[in-house]
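Note sheet for the following structure.
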Amino acid sequence: MLEVNKVPVWLSAFTLLLLTQDPVSTSEVVACGEAVDPPANIEITDPGFLGYLSIHWTRPASLQNLTDCTVRYQLRYYDTYEERWRSVRTVKLTYAAQFDLEKPVMVRMLTMLKCACTNGTEVQGEEIERVFTPEPTGVAGSKIRDFHCVNYGKEYMECTWDSGPVQPPNSQHYLYYWHREMDKTQECPEYIKLSEVRKGCRIPRESLFEFSKFNMCVNGSSPAGSLRTAYFSIEVQNHVKPAVVSSVHISEIDGLLKLDWSPPSGLVPEHCLEYEIERSTLMSNDKEQQQRKVLENVVLDTSYDIQREAESKKTCFQVRSKVNMYCADGGFWSDWSQTQCTEEDTQYINGATWNNLSLVGLVVIGIAGVIILCLSSWILKKICIKKTSKNDALYTLYKLKVNETMPTILSPIFK
């Protein structure tokens, strides 16, 4: 039986104390705005929330006895998920932010002072930087790859992964998640398995939390040692994939095609959906034309009208949906609906087609005429042969009859 740590080793609550060296300064100099010391005792702690770290600091000693002054702090930290610096200004002495624990944690801070002797101007001090680089632990090359999450219709979310290039025998993966409404991390309630190997996790709707960081980590254990931990932070509303659009219908009035459908099932509000239509038209020359159109900025509209193209035989439609930009910053298109087509209309067959049909008809008629002519000639020949044969037979009988009767007639005469 393998020993399994539910939380990665270095994710247990730790405190990284980074003390600044307070420069020598006097309150008189500070009060005149000529020098403002940076925050002191900068401290970064990890409460075990999978990258949601707390930053604490204290007022510099040179500003402890100041009165009638406003002291603020500017904090900048590097968001490795979006690869950009984020900035916040606050009068508080603490702040919490999301970090990727696989990458260096970088924080920059300065003090901002506003007093009467500064003529109401806010004076900024020197900015200092603190960097903490975590040391990776676990079997090298064992970190999972291709982590991917899909929130199906806001009913449940599935996150899947592939094993790392180095997968020790008898290893096992574990997924943990946390969001700010939780007191502690939780393990995956239902693993997705392939041949008894964990390849993903299914998280129910009750455990999801929108418009906030949803933190996850995947670690593991094996007889060769613990597996490398991978950290992820997403917003679940940006990973929604709606169900398939249902009940697609087509009607036609005076050449105007009207497409109607019903919103997909699930918990995605109708006003949060946008649709894409794929149209495939079979032309009279039997060539197929395809077009796609996204119905943007259209709320609660589940219909689409389009004029039927001239010289078209048949038009087919498919519809799919996605969460629009008013309800999320991203998402996935649903699968396409079943294809619905108009009936083939012969009134749009053009002259070229009629010419082709006429040519085929003439060829058929010509072939039939030749066959009939040949057949007629054969029949007439047969008839003629029969008549000739009959006449010859009569003539032969006649001659025989004459030859038999002539001696009888001529005999008395010559006697």
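Residues: numbered from 1 along the sequence shown. FYI, side chains are in, hydrogens and waters are out, and symmetry mates aren't considered; it's all heavy atoms of this structure.
- Here the shortest heavy-atom pairing between Ser321 and Pro242 reads OG-CB, 3.4 Å.
- Contact check for Lys199 versus Thr160: no side-chain heavy atoms found under the 4.5 Å cut-off.
- Between Arg108 and Leu110, the closest side-chain pair of non-hydrogen atoms is not below 4.5 Å.
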Quiz item: Given the rule in the side-chain contact (heavy atoms from CB on, under 4.5 Å) test, do Val319 and Gln340 qualify, once you have shown the distances and angles that lead to the verdict?
Solution: CA-CA 10 Å; Val319 184; Gln340 296 293 331; over 6 Å; no
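- Taking both residues in full, the closest heavy atoms of His271 and Asn324 are given as O-ND2, 3.0 Å, listed atom of the first, atom of the second, then distance.
- Contact of the Trp161 side chain with the His173 side chain is registered, since non-hydrogen atoms from C-beta on lie closer than 4.5 Å.
- A donor-acceptor contact shorter than 3.5 Å is absent between the side chain of Arg130 and the backbone of Val107.
- Between the side chain of Glu158 and the backbone N or O of Gly200, no donor-acceptor pair lies under 3.5 Å.
- Checked against the 6.0 Å centroid threshold, Phe209 and Phe214 do not count as a close aromatic pair.
- Judged as a ring-ring contact (aromatic ring centres under 6.0 Å, His included), the pairs with a partner in residues 57-77 (not counting sequence neighbours) are, in order, Trp57-Tyr73, Tyr77-Phe99.
- In this pair, Tyr174 and Tyr191 present their aromatic rings perpendicular. The plane angle is above 60°, beyond the 30 to 60° band.
- Side chain of Gln237 to backbone of Phe211: a donor-acceptor contact under 3.5 angstrom is found.
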Quiz prompt | Candidate pair Glu187 and Tyr177, rule side-chain contact (heavy atoms from CB on, under 4.5 Å), full reasoning | solution = CA-CA 7 Å; Glu187 187 181 356; Tyr177 63 93; over 6 Å; no
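- Between Phe49 and Trp178, the ring planes lie parallel to each other; the angle is under 30°, not in the 30° to 60° tilted range.
- Ion pair Arg205/Glu155 not flagged as a salt bridge, since none of the NZ, NE, NH1 or NH2 atoms sits closer than 4.0 Å to an Asp/Glu carboxylate oxygen.
- Side-chain contact between Thr315 and Ile306: absent, with no pair of heavy atoms (C-beta onward) separated by less than 4.5 Å.
- Under the 4.5 Å side-chain criterion, counting only non-hydrogen atoms from C-beta, Val150 is not in contact with His239.
- For Asn215, the side chain to side chain donor-acceptor pair (under 3.5 Å) partners two or more places apart in sequence, or in a different chain, are Gln98, Ser233.
- Residues meeting the side chain to side chain donor-acceptor pair (under 3.5 Å) test with Ser280, sequence neighbours left out: Glu288.
- Cys pair Cys201 and Cys188 passes the test of SG atoms under 2.5 Å apart.
- By the 4.5 Å heavy-atom criterion applied to side chains, Lys114 and Arg72 are not counted as neighbours.
- Of all heavy-atom pairs spanning Ala224 and Pro168, the tightest one is CB-CB, 4.0 Å.
- When every heavy atom of Cys69 is checked against every heavy atom of Leu113, the shortest pair comes out as CB-CD1, 3.9 Å.
- Residues satisfying the side-chain contact (heavy atoms from CB on, under 4.5 Å) criterion with Gln338, sequence neighbours excluded, are absent altogether.
- Tyr81 meets the side chain to side chain donor-acceptor pair (under 3.5 Å) test with no other residue; sequence neighbours excluded.
- Between Leu295 and Glu274, the shortest heavy-atom distance links the atoms O-CB, 4.0 Å.
- A distance-only check finds no donor-acceptor pair linking the side chain of Glu129 to the backbone of Met106 [under 3.5 Å].
- Enclosure of atom CG in Asp305 by more than 12 non-hydrogen atoms of other residues, nucleotides or ligands within 6.0 angstrom is indicated.
- Taking the side chain as every heavy atom from C-beta outward, Asp37 and Thr111 never approach each other to under 4.5 Å.
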Exercise. Any chance you could lay out the ring-ring contact (aromatic ring centres under 6.0 Å, His included) test for Trp261 and Tyr275, step after step, and finish with the verdict?
Key: CA-CA 10 Å; Trp261 61 89; Tyr275 298 94; 5.3 Å; yes
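- For the residue pair Ser337 / Gln318, no side-chain donor-acceptor distance below 3.5 Å is found, with atom types taken as modelled.
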Practice problem: Might you work through the side-chain contact (heavy atoms from CB on, under 4.5 Å) test for Leu75 and Ile55, ending with a clear yes or no? | Solution: CA-CA 10 Å; Leu75 167 68; Ile55 307 169; 4.0 Å; yes
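- Pro264 approaches Ala243 most closely through the heavy-atom pair CB-O, 3.2 Å.
- By the 6.0 Å contact criterion, NZ on Lys293 is open, its count of non-hydrogen atoms from other residues, nucleotides or ligands being 12 or less.
- In this structure the side chain of Ser171 never reaches within 4.5 angstrom of the side chain of Ser142, judged on heavy atoms.
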Quiz item: Between Met216 and Cys159, does a side-chain contact (heavy atoms from CB on, under 4.5 Å) hold up when you go through it step by step?
Solution: CA-CA 10 Å; Met216 291 173 284; Cys159 296; 3.8 Å; yes
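- Listed for the Ser222 side chain is a donor-acceptor partner under 3.5 Å among the backbone atoms of Gly225.
- In this view, Phe332 and His148 satisfy the ring pair (Phe, Tyr, Trp, His ring centres under 6.0 Å) rule, not counting sequence neighbours.
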